[in-house]
Amino acid sequence: MKAQCVIVQIPCLNEAGTLRSTLDSLGAVENPGGSVQLLLINDGSTDSTVDVAIAARVDRVVSHTRNRGLAAAFTTGLDECLRMGADIIVNTDGDGQYPASEIPRLL
């Protein structure tokens, strides 16, 4: 059986204040027999969202040059996840509104 690639996409707009704790909780997500990668979609943030993501060593950052809205960020993320070879895509948010501890139940 092929190891599954799980990619967690995180659309963000000016979420530098909460992003680090969200990324820390996502770092604890395990995928036995496969990988978990984090993709941040920066939707035109004007704060240090991208810097926080890079410092936390997310696997990839894709940026919109201006705010295009959640639907566009979500679509950009899906397209990038597929380019990255995702078998499973999980959507969350940079402000921690979705508990990372529930991701294993999704998997």
Side-chain angles (χ1 to χ4, degrees):
M1 183 167 104
K2 176 185 161 204
Q4 291 186 326
C5 175
V6 174
I7 300 179
V8 179
Q9 72 161 354
I10 313 157
C12 288
L13 174 63
N14 297 327
E15 298 192 50
T18 56
L19 184 58
R20 184 60 198 220
S21 63
T22 299
L23 294 173
D24 287 346
S25 67
L26 289 168
V29 174
E30 294 181 5
N31 176 20
S35 65
V36 176
Q37 297 181 48
L38 302 179
L39 166 66
L40 183 116
I41 302 91
N42 170 38
D43 192 26
S45 296
T46 57
D47 67 358
S48 60
T49 293
V50 171
D51 296 330
V52 170
I54 291 169
R57 295 196 160 124
V58 299
D59 295 286
R60 189 164 301 178
V61 175
V62 175
S63 292
H64 294 164
T65 56
R66 63 177 176 78
N67 178 248
R68 295 177 50 202
L70 182 58
F74 186 80
T75 300
T76 296
L78 290 175
D79 290 343
E80 189 63 21
C81 285
L82 293 174
R83 273 192 288 279
M84 292 170 68
D87 295 303
I88 299 171
I89 301 169
V90 176
N91 188 64
T92 192
D93 197 76
D95 64 6
Q97 69 180 337
Y98 305 115
S101 60
E102 295 297 317
I103 292 174
R105 291 179 62 191
L106 292 171
L107 300 179

Note: Ile54 and Val61 closest approach over all heavy atoms is CG1-CG2, 4.5 Å
Pairwise side-chain contact, Val50 with Ser45, heavy-atom cut-off 4.5 Å (strictly under): no
Would a 4.5 Å heavy-atom cut-off, applied to side chains only, mark Ile103 and Leu26 as touching? yes
More than 12 foreign heavy atoms under 6.0 Å from CD of Glu102: is that the case here? yes
Val8 and Val36: which non-hydrogen atoms are nearest, and at how many Å? CG2-CG1, 4.2 Å
Close side-chain approach of Cys5 to Met84, heavy-atom, < 4.5 Å: no
Looking only at heavy atoms, which two atoms of Gln37 and Asp59 are closest? And how far apart? CA-OD2, 3.1 Å
Measure the spacing between OG1 of Thr76 and CG of Leu39 and express it to the nearest 0.5 Å. 9.5 Å
How close do Ala100 and Pro104 get, counting heavy atoms only, and between which atoms? O-CD, 3.7 Å
Check whether any side-chain heavy atom of Leu23 lies under 4.5 Å from a side-chain heavy atom of Ile10, and answer yes or no. yes
Non-hydrogen side-chain atoms of Asp43 and Arg68 separated by less than 4.5 Å: yes
Indicate yes or no: at least one non-hydrogen side-chain atom of Ile41 is less than 4.5 angstrom from one of Glu80. no
CG (Asp95) and OG (Ser21) are apart, to the nearest 0.5 Å, by 9.0 Å
Quick one: do Arg83 and Asp79 make a salt bridge, cutoff under 4.0 Å? no
Minimal non-hydrogen separation, Pro11 against Leu70, with atom names: CB-CD1, 3.9 Å
Please name the pair of heavy atoms, one in Leu107 and one in Glu30, separated by the smallest distance, quoted to 0.1 Å. CD1-O, 4.1 Å
Are the side chain of Asn14 and the backbone N or O of Thr46 linked by a donor-acceptor pair below 3.5 Å? yes
Side chain to side chain contact (heavy atoms under 4.5 Å, CB included) evaluation trace for Val52 with Glu15: CA-CA 9 Å; Val52 170; Glu15 298 192 50; over 6 Å; no
When rounded to the nearest 0.5 angstrom, what distance separates CG in Asn42 from CG in Leu13? 8.0 Å
Between Leu106 and Leu78, is there shared hydrophobic-cluster membership here, with clusters defined by ILVMFWY side-chain heavy atoms closer than 4.5 Å? no
So do Leu40 and Leu19 actually touch side chain to side chain, heavy atoms under 4.5 Å? yes
